[in-house]
Participant: 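Sharing a structure, written as structure tokens. Questions coming.
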Amino acid sequence: MEECISVFDMLKIGVGPSSSHTLGPWRAAERFLSELQTENILDKVTRIKVDLYGSLSLTGKGHATDLAIMLGLSGQDPEYIPVQNIAGIIKNIEDTNEINLADKIRIPFYFLQDIVFNKNFLPFHANGLLFTAYLEDGTEFASTFYSIGGGFVVKEERINAKKKLEIKCAFPFQIQNADELLEYTISQNKSISEIVYENEKSMRPEAEIHHELMRIWHTMLECMYIGCHSEGILPGGLNVRRRAFDMHQGLIGLANYNNPKEWLETIRKTEVKFRQILKWVSCFALAVNEVNAALGRVVTAPTNGSAGVIPSVLMYYLVIENHKAGEKEIKQFLMVAGEIGSIFKKGSTISAAMGGCQAEIGVSSAMAAAALCEVMGGTPDQVLMAAEIAMEHHLGMTCDPIGGLVQIPCIERNTMGAIKAINAAELAMETDAKNAKVPLDKVIETMWKTAKDMNSKYKETSEGGLAVAVNMSDC
């Protein structure tokens, strides 16, 4: 059976700064706790040790991997934890040298000793975590997980993969690649979002689909709102100044509003010359990724490092392109974006540790381009063409974060990915897709080959590129 991935697998609500290095390890810690409970040994644990490998070790500090693991082991949920509580929970662990395991039992925990950064790579994936629980009878229980991008976590033996496959392959339209998706739109005479909606209805009630899609959008909107109204220096030591605040002030002036919804309506009344549009789109993207860099709540789209592209392009559509658009178009946009992202995940990767930044910003730009193309009236083959154009011009993009932080060049790259997505959608809309020379599936295949050929220095290790050319001392 084919792998079936829901929109809600691709668009997850969580905490920054990284889906693979923060959200993934957090979820892995939760799964380890679940294993301890299944084995009925949670109350017998006297110590926990966590070994990080490969990219998780090399850039884990900058991506708050260690903090995420502590929060996960504490029984906190990244989707719902009040972000203002994070600092206090971490400080309590550091001050007391204890952790409240699963929010149930307190055990000693010395984070400098019990979270070990190993530079060597495990064979299965670049992002490996080994959890070891030491029990009161002297025995040990160990389990290895891999954070494969976008908050997805697997085990090498994929124990749960079969169960997940059985549940999700109730999809009436099982899609592995772009060609299959296009064939369904033709045979069923439906748009891409309509095909996706039919699949989602096989998993959950329509009311739940509506509620969850709108919850995702409201999280995105709130994230942009917070980012545009927050100033100061981002954490991490690079002394990066937030730019969304100043850019936003210059664009919106002395406008009055009290919440994100009123803010959106206010922006619709602003000047929309080309330069202002470029600034607004960039402002939205900067806002999201500045919130992400400060351990704020974002939506993986498909990752945290690329979380700003899809919200900024959707916001562009709502405030610039179509002032009458509402919930219908928002849901349509998110469903198309999620489906395109899932095709990239199946055919290549959405992990920068495996494929460089083409796997994050490139994929998010393709997702946004496709979604924008459909809501603007593009045909299914034009929608796929928009995704292809966007990715084609991100092929080979490296992931070389300075200091292992999602700040330079990551934040700016979201602005560029968003602008490219809009341009790709417009190009596709003005083209007869029958004349397209490069199918989306070929670009995805090429992306994966490029990823495999790419030197490991450029795969989120901070061992090459800008991460070496620019030192922390330079900042």
Participant: For Glu262, is there any backbone N or O sitting under 3.5 Å from a side-chain donor or acceptor partner on Asn259?
Facilitator: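 Side chain of Asn259 to backbone of Glu262, a donor-acceptor pair under 3.5 Å: yes, one is there.
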Participant: Do the side chain of Lys12 and the main chain of Val299 share a donor and acceptor less than 3.5 angstrom apart?
Facilitator: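 No.
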Participant: Go through the steps to decide whether Tyr134 and Ile48 satisfy the test side-chain contact (heavy atoms from CB on, under 4.5 Å), and finish with yes or no.
Facilitator: CA-CA 6 Å; Tyr134 298 85; Ile48 294 277; over 6 Å; no
Participant: To the nearest 0.5 Å, what is the distance between SG on Cys399 and CD1 on Ile361?
Facilitator: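 It is 9.5 Å, given to the nearest 0.5 Å.
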Participant: May I ask you to decide whether Asp246 forms a salt bridge with Arg241, counting only side-chain N to carboxylate O separations under 4.0 Å?
Facilitator: yes
Participant: Mark yes or no for whether Arg297, through its side chain, and Glu79, through its backbone, hold a donor-acceptor pair below 3.5 Å.
Facilitator: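 Such a contact is found between Arg297 side chain and Glu79 backbone.
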Participant: Can you list every pair that meets salt bridge (charged side-chain N to carboxylate O under 4.0 Å, His left out) and has a residue in residues 49-58, with sequence neighbours left out?
Facilitator: Lys49-Asp51
Participant: Is it true that a side-chain atom of Asn423 and a backbone atom of Ile419 form a donor plus acceptor pair closer than 3.5 Å?
Facilitator: no
Participant: With side-chain contact (heavy atoms from CB on, under 4.5 Å) as the test, would you mind laying out the steps for Phe284 and Leu221 before giving the verdict?
Facilitator: CA-CA 9 Å; Phe284 299 144; Leu221 179 60; over 6 Å; no
Participant: Closer than 3.5 angstrom, by distance alone: can the side chain of Ser462 be matched with the main-chain N or O of Pro401 as a donor-acceptor pair?
Facilitator: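 Judged by distance alone, yes, a pair lies under 3.5 Å.
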Participant: Taking salt bridge (charged side-chain N to carboxylate O under 4.0 Å, His left out) as the cut-off, I'd like each qualifying pair that reaches into residues 56-78, sequence neighbours left out, listed once.
Facilitator: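 Of all non-adjacent pairs touching residues 56-78, those that pass salt bridge (charged side-chain N to carboxylate O under 4.0 Å, His left out) are Arg27-Asp77, Lys61-Asp66.
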Participant: Considering non-hydrogen atoms only, spot the tightest contact between Leu405 and Cys410 and give its length.
Facilitator: O-SG, 3.9 Å
Participant: Provide the closest heavy-atom pair for Ile411 versus Ala293 in the form atom of the first, atom of the second, distance.
Facilitator: CD1-CB, 4.4 Å
Participant: Could you walk me through whether His248 and Trp263 pass the ring pair (Phe, Tyr, Trp, His ring centres under 6.0 Å) test, one step at a time?
Facilitator: CA-CA 11 Å; His248 176 259; Trp263 176 59; 5.7 Å; yes
Participant: Measure the spacing between CG of Leu101 and CG of Leu36 and express it to the nearest 0.5 Å.
Facilitator: 7.0 Å
Participant: Would you say the side-chain atoms of Glu200 and Ser6 include a donor-acceptor pair closer than 3.5 Å?
Facilitator: yes
Participant: Kindly state whether the ring of Phe131 and the ring of Phe145 have centres lying under 6.0 angstrom apart.
Facilitator: yes
Participant: Check this for me: Met416, atom CE, are more than 12 non-hydrogen atoms of other residues, nucleotides or ligands nearer than 6.0 Å?
Facilitator: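 No, the 6.0 Å shell around CE holds no more than 12 heavy atoms from other groups.
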Participant: Looking at every non-hydrogen atom in both residues, tell me the closest pair between Leu122 and Gly128 and how far apart they are.
Facilitator: CD1-CA, 4.1 Å
Participant: Side-chain polar contacts of residues 225-238 - donor-acceptor pairs under 3.5 angstrom, sequence neighbours left out - could you list them?
Facilitator:
| unit_1 | atom_1 | unit_2 | atom_2 | d |
| --- | --- | --- | --- | --- |
| His229 | ND1 | Tyr225 | O | 2.6 |
| His229 | NE2 | Tyr257 | OH | 2.5 |
| Ser230 | OG | Ile226 | O | 2.7 |

Participant: As an exercise, state the distance from NE2 of His21 to CD1 of Ile69, rounded to the nearest 0.5 Å.
Facilitator: 11.0 Å
Participant: Atom OG1 of Thr65 and atom CG of Leu56: how far apart are they, to the nearest 0.5 Å?
Facilitator: 5.5 Å
Participant: I need the full list of salt bridge (charged side-chain N to carboxylate O under 4.0 Å, His left out) pairs touching residues 309-318, with sequence neighbours left out, sorted by first then second residue.
Facilitator: none
Participant: Provide the closest heavy-atom pair for Cys373 versus Ala425 in the form atom of the first, atom of the second, distance.
Facilitator: N-CB, 4.0 Å
Participant: If you apply the rule side-chain contact (heavy atoms from CB on, under 4.5 Å), what do you find for Leu67 with Trp26, and how did you get there?
Facilitator: CA-CA 9 Å; Leu67 307 188; Trp26 194 326; over 6 Å; no
Participant: Examine distances only and state if a side-chain atom of Asn289 and a backbone atom of Gly308 form a donor-acceptor pair shorter than 3.5 Å.
Facilitator: yes
Participant: Under a 3.5 Å cutoff, is there a donor and acceptor pairing between the side chains of Asp103 and Asn100?
Facilitator: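 Short answer, yes.
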Participant: If you look at every heavy atom in Leu23 and Gly14, which pair is closest and at what distance?
Facilitator: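 Nearest heavy atoms, Leu23 then Gly14: CD1-CA, 4.4 Å.
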Participant: If only atom types and distance count, is the side chain of Gln358 paired as donor or acceptor with the main-chain N or O of Gly355 below 3.5 Å?
Facilitator: yes
Participant: Please determine if Lys91 and Glu94 form a salt bridge, counting it only when a charged side-chain N lies under 4.0 Å from a carboxylate O.
Facilitator: no
Participant: Rounded to the nearest 0.5 Å, what separates atom CG in Asp95 from atom CD1 in Ile90?
Facilitator: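 Between Asp95 CG and Ile90 CD1, I get 11.0 Å after rounding to 0.5 Å.
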Participant: Among Asn414, Asn304, Thr303, exactly one meets side chain to side chain donor-acceptor pair (under 3.5 Å) together with Glu360. Which residue is that?
Facilitator: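 Testing Glu360 for a side chain to side chain donor-acceptor pair (under 3.5 Å) against Asn414, Asn304, Thr303 leaves exactly one candidate, Thr303.
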Participant: Hey, mind stepping through Phe141 and Thr132 against side-chain contact (heavy atoms from CB on, under 4.5 Å) and telling me if it holds?
Facilitator: CA-CA 6 Å; Phe141 179 85; Thr132 305; over 6 Å; no
Participant: Please check if the side chain of Thr22 supplies one atom and the backbone of Ser19 the other of a donor-acceptor pair under 3.5 Å.
Facilitator: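 The answer is no, because no donor-acceptor pair under 3.5 Å joins these two groups.
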Participant: With no hydrogens and no angle check, do the side chains of Glu35 and Ser143 hold a donor and an acceptor under 3.5 Å apart?
Facilitator: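 Glu35 vs Ser143: donor-acceptor pair found between side chains.
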Participant: Backbone N or O of Ser147 within a donor-acceptor pair of the Asn127 side chain at under 3.5 Å?
Facilitator: yes
Participant: Counting distance only, does the side-chain N/O of Thr300 pair as donor-acceptor with the main-chain N or O of Leu11 below 3.5 Å?
Facilitator: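 Between the backbone of Leu11 and the side chain of Thr300 there is no qualifying donor-acceptor contact (under 3.5 Å).
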Participant: For Glu265, check salt bridge (Lys or Arg N to Asp or Glu O under 4.0 Å) against everything at least two apart and list the hits.
Facilitator: Arg268
Participant: Can you tell if the side chain of Trp280 reaches within under 4.5 Å of the side chain of Leu278, non-hydrogen atoms only?
Facilitator: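 They are not in side-chain contact.
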Participant: Quick one: do Lys119 and Glu463 make a salt bridge, cutoff under 4.0 Å?
Facilitator: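 A salt bridge is absent here (no side-chain N lies under 4.0 Å from a carboxylate O).
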Participant: Just list the side-chain donor-acceptor pairs under 3.5 Å for residues 328-340, sequence neighbours left out, or say none.
Facilitator:
| unit_1 | atom_1 | unit_2 | atom_2 | d |
| --- | --- | --- | --- | --- |
| Glu329 | OE1 | Gly326 | N | 2.8 |
| Lys331 | NZ | His210 | ND1 | 3.0 |
| Gln332 | NE2 | Glu374 | OE2 | 3.0 |
| Glu339 | OE2 | Ser342 | OG | 3.4 |

Participant: Could you check whether Glu222 pairs with Lys261 (Lys NZ or Arg NE/NH1/NH2 to Asp/Glu carboxylate O, under 4.0 Å)?
Facilitator: no
Participant: For residues Glu460 and Ala352, report the shortest heavy-atom separation together with the two atoms involved.
Facilitator: OE1-CB, 3.3 Å
Participant: Should the pair Lys345 and Phe152 be classed as cation-pi, given the thresholds of under 6.0 Å to the six-membered ring centre and 45° from the axis?
Facilitator: yes
